[in-house]
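Below is one structure, written out as structure tokens; the observations come after it.
Since this is a predicted model, take the numbers as computed values, not measurements. In what follows, every chain begins at residue 1, and chains take the letters A, B, ... in the order their sequences are listed.
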Amino acid sequence: MLLNIDKVQKSYPGGRPVLRDVSLTLDHGQTLALTGESGSGKSTLLNLAAALDSFDGGEITLDGTALSPLDDRGRAALRRQSVSLVFQQFNLIPSLTVGQNLSFHARLANREDTGWSAQLAERLGLADLLTRYPENLSGGQQQRVAIGRAMAVRPKLLLADEPTGNLDETASANVLDLMLSLVAETGAALLLVTHSQDIAARLDRQAHLAGGHIV
Amino acid sequence: MNARVWLVVLILLQPIASWAQGYAGLGGSADGFDVPKRDYQFEFPRDHGPHPTYRIEWWYLTANLTGEDGRDYGIQWTLFRSALKPSEADGWQSPQLWMGHAAVTTPETHYFAERLSRGGIGQAGVAADPFEAWIDEWYMRGPDLNTVSLSASGAEFAYDLDLTAQGPLVFHGDAGYSVKSADGQASYYYSQPFFEVEGVLNLPDGDVAVTGHGWLDREWSSQPLASDQTGWDWFSLSFDDGDKLMAFRLRGGRGDFTAATWISPDGTTTPLPNGSASFTPLNTTRVAGRDVPTEWHVTLPDRGLDVEVSAMTPDAWMATQFEYWEGPVTVKGSHTGRGYLEMTGY
Amino acid sequence: MTFAIVQALLSHWRRHRLQLATLLIGIALATGLWSAVQAINAEARASYQRASDQLALGLYDTLRDPSGTIAVDRYVALRRAGWQVSAVLEGPVRIAGRTVQVMGVDMVTYPALPAMTQTEQSDAPPDPSDMLTAPGRLLATPELAEHLKSQTELPPIVVSDAVPPDLILTDIGVAETLLNRPRQISRLVILPDQPRGVPALSEIAPDLQRVEASAQLDTQRLTDSFHLNLTAFGLLSFAVGLFIVNGTVGLAFAQRRAMIRTLRALGVSMRRLVWMITAELTLLALIGGALGLVLGFFLAGALLPDVAATLRGLYGAPVDGQISLQPEWALAGLGMALGGTFLASGHALFRLSRMPILTGAGVQSWRSSTSGQRFSFLIGTALITGGFAIGYTVEGLVAGFAMVGGILTGAALVLPYFLTLALSVFQRRARGPVAQWVWADMQAQLPGLSLALMALLLALAANIGVGTMVSSFRLTFVGWLDQRLTSELYVTARDDQQGKEIAQWLGPQVDAILPIRNVELTHETGPLFLYGVVDHETYRDHWPLIASSDSAWDRVLTDQAVLINEQLARRADLWPGDMLTLNAEHTLTIAGVYSDYGNPTGQAIVSMQQLDLIAPGAETRQFGIRVSPERATELAQALRDRFDLSRQAVVQQAAVKAQSLAIFDNTFVVTSALNVLTLGVAGFAILTSLLTLWTQRLPQIAPVWALGLTRAQLARLELLRSVLLAALTAVLALPLGLVLAWALLAVINVQAFGWRLPMFLFPVDWAYLFVLTLLAAAVAAALPALRVLRLPPADLLRVFANER
Ligand SMILES: Nc1ncnc2c1ncn2[C@@H]1O[C@H](COP(=O)(O)OP(=O)(O)OP(=O)(O)O)[C@@H](O)[C@H]1O
Ligand SMILES: [Mg+2]
């Protein structure tokens with residue numbers, strides 16, 4: 001089992017519990033769509049799975065590593081090595097060029113593969129944009145860079161939180177197609193948070209989050 | 001205004017300080033100073049010189065002159081001595097202070113100058129024999145007091161005059177012992193009123209040769225005024241018939257004190273006691289912010305004198321450290337003549 | 001509606017309290033440092049003026065005898081020739097371990113003195129006869145009176161605050177006793193009204209020298225350069241403070257763009273907005289300015305005693321150690337605060353007023369400033385070039401400061417360009433992704449930090465420059481003292497007579513007795529002190545000549561030539577071979593020029609025979625004694641015992657040196673204090689810039705964090721970034737500081753003091769300053785770094801979150 005979320009609980013300081021008892025599993029190469037109302041805790045769950053934040057109860061195991069005992073450094077190492085992330089916005093490092101952003105994660109994880117990176121850039125239509133800075137890209141281009149950066153590591157697990165939420169329909173479809181084909185090609189597992197039933201339907205499995213539980 | 005006022009008030013009129021303190025009484029020596037006594041035997045030329053053990057002393061010369069231009073002039077040359085202590089010492093340590101006043105009065109204008117000096121260093125002083133009184137470049141210099149040359153200068157005037165005495169010294173009061181108040185304050189006081197004068201006045205418009213008559217007063221004392229006395233009016237008049245009159249009135253809270261000396265052409269004096277003369281202001285002139293009587297009705301019934309004395313130049317104001325009025329006058333009435341008037345305390 | 005707008009505008013400050021505080025502190029610091037310097041200058045100038053008024057100096061021409069003092073008989077002779085002059089006897093006297101100036105005037109003839117008027121009008125005026133007759137009275141300030149109180153042998157003291165500090169005013173009769181100079185007069189004051197027909201002074205007193213009243217305000221003239229120095233530093237501090245204001249206002253405006261756009265969309269006119277923001281800035285400037293005035297007042301109070309000590313020590317200028325609040329000063333300070341605030345915000349305000357209604361609400365674009373950078377680079381280069389051009393072509397102190405100002409400002413403007421250049425080189429060289437990011441990130445941060453870094457550059461350059469100048473000066477000075485102070489003992493006799501006796505007594509016991517005699521002459525460039533020397537190896541071997549012709553000493557000692565000090569040489573442009581006119585009858589060839597520090601006036605040295613010719617009256621009261629060093633202490637004590645001399649009258653070499661160095665060090669206390677303060681302000685500017693940049697930091701670090709860096713790592717990098725930028729700036733500040741030091745030593749010092757100093761380098765000091773700078777940068781970055789460390793992940797995650 002690549003990702004095992006077991007009876008996880010999470011509440012933010014001063015708020016009602018967001019996740020009450022969430023359990024979920026994801027196997028190597030599997031794709032899972034996570035849906036739910038706005039504010040239901042989808043992003044929260046994804047962030048926990050990505051070792052970005054700590055949780056209050058239960059356990060998450062990522063590629064055999066239990067997350068709750070990890071400290072800041074352990075979690076950072078895990079993010080570096082074991083997961084790739086694509087958020088809805090501001091994924092990129094503003095002070096680095098597109099090219100530098102593309103390779104940043106792979107270099108950080110010590111897994112740079114220049115051939116693969118170049119191929120990715122080509123396929124994502126970024127080859128001409130490598131020396132630009134993120135602020136000079138369109139939203140769709142930015143998200144494609146984010147996907148490219150995530151895939152450049154050849155991750156076992158890609159976590160994506162509404163990667164196309166800010167894009168119009170064509171751009172959104174385009175970006176999503178690219179992502180799904182890359183995931184399929186590399187055999188990565190995917191946990192995708194989305195609002196769209198159409199998109200959710202294209203994945204292997206669907207989970208719906210409501211009232212702090214998976215239903 | 002100058003910061004020396006406080007010093008000069010002291011220099012010129014020690015008595016003012018005495019009034020303020022309430023006069024300590026006479027007879028006794030004031031702070032170790034000698035005081036005048038009756039029956040003093042004057043000795044000359046010694047007594048023409050300074051008396052440092054007395055608090056205050058002056059050599060006071062005035063002259064009524066007529067210029068070659070036919071105009072009347074008056075001049076004043078005065079040297080005051082004031083002692084801080086009844087002693088003399090060398091250099092800056094001397095407690096003697098000197099002050100000179102000089103003035104020229106024309107019918108229109110009054111020019112004056114003032115000089116100050118310490119004793120001890122030689123900047124000012126008086127020597128009896130040969131006679132010389134000086135402060136800075138001003139001097140009254142004889143071989144003796146019968147023949148003197150006189151010089152003074154200010155920013156706007158200067159004069160050089162030669163004086164020759166035509167008569168003897170005259171002594172006021174009781175043979176030179178001049179009483180100044182009902183309480184008995186007194187000074188030694190004698191005069192040389194018979195000077196014939198000739199010389200040159202140097203004025204802003206040029207030199208004027210002049211001739212005329214001069215009058216020198218010599219007086220020293222340690223306590224000349226009584227505590228209630230606020231000022232005086234002092235007249236020295238020379239009548240056309242040759243007689244002369246010295247008369248003064250000391251104004252006081254307890255009434256005026258007057259004294260006079262009638263001087264006949266040969267120098268014979270008749271002292272006239274308190275109350276003999278009367279002085280009534282007829283008219284005042286606004287000078288330096290004060291009302292100063294510049295026309296007087298003066299009577300001396302004993303001598304049949306009933307005259308109007310009027311200032312030749314009403315604004316003859318000495319705006320010196322200690323301010324007073326001093327200028328030539330003309331006399332009309334029972335007698336005619338010229339003279340000098342000094343008024344203080346207005 | 002106005003109220004609603006005000007509320008909207010002010011809400012910004014309520015949300016950004018720290019920014020508000022920063023802005024106010026910036027204005028307060030700028031105003032405070034500037035005002036402190038101004039207050040010090042104003043107080044010193046007021047002191048000179050007061051002293052001059054109090055002693056009625058500068059009102060009257062005076063007569064001096066160049067060959068010594070004037071005898072009383074001489075005075076009387078002038079008086080009796082009609083000249084209205086008044087006598088003054090003055091000189092220093094050492095009482096209870098303190099040197100005070102005694103000024104004795106003939107109270108009867110001297111013109112009005114405020115102290116006398118005041119004393120006369122006091123409640124208990126002293127009896128005038130007490131003032132004029134022994135023992136007399138001494139007029140002194142309350143402070144000095146307190147000091148003199150215990151001295152029972154002195155005449156009674158009358159307290160007056162209309163007397164300059166450290167001066168006893170008294171009657172000349174008292175002064176001659178106090179100074180033990182009977183029947184002597186230092187100078188005669190020529191009173192304004194002279195009678196008709198006085199003979200010309202040239203006839204009756206050809207030997208006396210008439211000094212115009214206008215030529216007597218030495219103090220003011222001599223100290224001008226000192227004050228200009230201070231003013232320059234004040235201005236520098238002010239500028240550094242303004243960097244803070246500029247940065248903060250710029251950010252505040254940027255952050256308020258969204259609000260302003262909304263307000264405009266709601267129908268508020270731009271004019272009205274600009275007007276209201278101007279009013280807001282005015283209010284802030286006034287508040288900050290008022291705070292600054294308080295700060296400045298206390299700062300000035302703290303610094304003034306040192307300044308006063310310097311001015312007294314170096315120039316003999318009378319300055320009170322007390323600061324008093326003057327309304328003009330406060331108004332000027334507030335004016336500076338207002339002017340400075342608008343100067344610093346003018347650009348931001350202008351940009352705001354030009355902002356099209358539809359511009360994005362975001363914070364300024366990162367990379368938009370490259371063209372601005374190029375522009376400022378061009379301006380900066382022009383300023384530097386202009387600065388050097390002025391320095392090389394125009395003479396004078398103001399030109400010197402213009403040069404330094406041009407170079408400094410230019411360098412500050414060029415700084416961002418150089419930093420960008422350096423950072424891109426580093427970025428290209430960087431291997432690891434994190435390193436690459438750090439360099440790139442620094443470069444991105446640069447526009448926001450560049451003002452603070454400019455401030456740092458200026459502060460550092462000033463520190464290096466002034467530090468180098470002071471240290472070079474000190475080194476030179478110490479060496480010079482060693483050369484100059486060769487005698488083992490220095491003796492001051494009470495008078496000529498005692499001087500003779502001492503010389504006689506010492507004769508057989510010591511290696512040499514070197515009389516130190518001088519008279520004050522005047523030269524067209526100011527007062528000129530003429531010294532006479534005897535032939536001795538002490539002079540031949542040690543005297544610090546900086547320019548000389550062949551056998552200079554032989555020619556001087558055979559009465560053929562004269563040596564002059566560097567001040568005179570530079571001021572009058574006289575060098576070996578030129579002629580120096582000492583007085584009407586004496587003109588000598590200049591054989592050499594010697595360095596002479598710590599003394600602002602001109603000096604010349606001739607043989608003792610020459611001095612006697614020129615000034616027969618010169619006193620022989622001071623001697624340098626050559627004796628084997630082991631015997632010096634014993635001999636000093638013997639001298640004191642035998643001649644009843646005070647401790648100060650017989651001084652050993654070491655004591656003189658120590659005293660000279662103490663005065664020297666004192667001179668630069670203020671400069672150093674201002675230096676440290678400026679550096680502090682620059683550090684604060686970095687802190688405020690970092691804090692104001694904080695809101696822009698999250699989008700920068702959140703992605704990096706998400707990709708696998710810990711917050712601790714990021715916090716460390718925050719620190720490192722600040723330290724690296726400071727280090728780069730410091731590296732660039734070093735050459736700038738050295739240029740500044742050179743300008744100070746070779747241009748400003750020459751103009752201000754009349755001497756040129758060799759420059760020494762002090763790498764250890766630089767290292768120390770470098771470490772200090774890094775430390776300051778680290779401290780400045782500590783707060784932001786701590787924030788990163790404590791940042792909850794949720795806050796970082798919000799960057800990526802959907803804002804619906
Ligand atoms: N940092 C935080 N502090 C406090 N509450 C938070 C925080 N982040 C999220 N929440 C709250 O937790 C709940 C879940 O938020 P989350 O962002 O996970 O929802 P979501 O399902 O991703 O919604 P959306 O579809 O709008 O993205 C919400 O009620 C939200 O208000
Ligand atoms: Mg979400």
Side-chain angles (χ1 to χ4, degrees), chain B residues 1-11 14 17 21 31 55 82-87 89-100 102 111 113-125 134-139 151-160 202-204 207 321, chain C residues 56 71-73 75-87 89 104-122 125-136 162 171-177 182-185 191-199:
Chain B
M1 195 57 199
N2 193 302
R4 281 168 294 166
V5 180
W6 63 284
L7 258 180
V8 170
V9 163
L10 167 112
I11 296 170
Q14 192 69 34
Q21 293 154 11
D31 297 335
R55 205 192 287 270
S82 175
L84 303 172
K85 287 181 181 161
S87 60
D90 218 22
W92 298 115
Q93 307 303 328
S94 162
Q96 304 287 329
L97 302 176
W98 296 84
M99 175 166 72
Y111 304 103
E114 178 178 42
R115 296 298 168 82
L116 295 166
S117 165
R118 313 281 280 247
I121 56 171
Q123 185 191 340
W134 76 92
I135 183 165
D136 292 349
E137 82 279 24
W138 300 0
Y139 58 84
S151 174
S153 55
E156 297 162 302
F157 74 94
Y159 54 73
D160 277 296
N202 177 270
L203 295 174
D207 286 353
Q321 301 296 344
Chain C
V72 168
D73 296 344
Y75 161 66
V76 172
L78 280 172
R79 270 280 183 174
R80 297 222 52 195
W83 274 94
Q84 295 299 290
V85 288
S86 183
L89 172 65
V105 301
D106 175 7
M107 293 250 179
V108 176
T109 56
Y110 200 78
L113 288 178
M116 303 293 286
T117 318
Q118 196 202 47
T119 307
E120 171 213 344
Q121 288 163 356
S122 67
D127 188 333
S129 70
D130 290 339
M131 302 281 303
L132 292 174
T133 55
D171 183 61
I172 189 164
V174 181
E176 66 176 7
T177 319
R183 300 190 78 86
Q184 291 183 8
I185 293 171
L191 301 176
D193 287 328
Q194 297 296 332
R196 310 193 118 203
V198 285

Worksheet item: Where does C:Leu89 contact chain B at under 4.5 Å (heavy atoms): side chain, backbone, both or neither?
Response: neither
Worksheet item: For the atom pair CD (B:Gln96) and CG (C:Leu132), what is the distance rounded to the nearest 0.5 Å?
Response: 12.0 Å
Worksheet item: Is the shortest heavy-atom distance from the side chain of C:Arg183 to the side chain of B:Asp90 under 4.5 Å?
Response: yes
Fill in: Max heavy-atom pair count under 4.5 Å with chain B, selected residue of C:Leu78, C:Asp106, C:Val72
C:Asp106
Practice prompt. Tell me, please, which residues at least two apart from C:Thr177 pass side chain to side chain donor-acceptor pair (under 3.5 Å).
Written response: none
Worksheet item: Taking B:Tyr139, B:Trp138, B:Trp134, B:Trp92 one by one, which has the highest count of heavy-atom pairs under 4.5 Å against chain C?
Response: B:Trp92
Worksheet item: Which value, rounded to the nearest 0.5 Å, describes the distance between B:Arg115 atom CZ and C:Gln84 atom CD?
Response: 3.5 Å
Discussion item. Which atoms of C:Gln194 are under 4.5 Å from chain B, going by heavy atoms: the side chain, the backbone, both sets, or neither?
Written reply: backbone
Worksheet item: Where is the tightest heavy-atom contact between B:Phe157 and C:Arg196, given as atom of each residue plus distance?
Response: N-CD, 3.4 Å
Worksheet item: Is chain C contacted by the side chain of B:Ala113, its backbone, both, or neither, given a heavy-atom distance below 4.5 Å?
Response: neither
Response to the item:
So, the part of C:Ala77 with a heavy atom under 4.5 Å from chain B: the answer is neither
Worksheet item: Short question: side chain of B:Gln93, backbone of C:Gly173 - any donor-acceptor pair under 3.5 Å?
Response: yes
Worksheet entry | Of all pairs that satisfy salt bridge (Lys or Arg N to Asp or Glu O under 4.0 Å), the ones with a partner from residues 78-87 of chain C, not counting sequence neighbours | B:Glu132-C:Arg80, B:Asp136-C:Arg79
Worksheet item: Between B:Ser117 and C:Val108, which heavy-atom pair has the shortest distance, and what is it?
Response: N-CG1, 3.8 Å
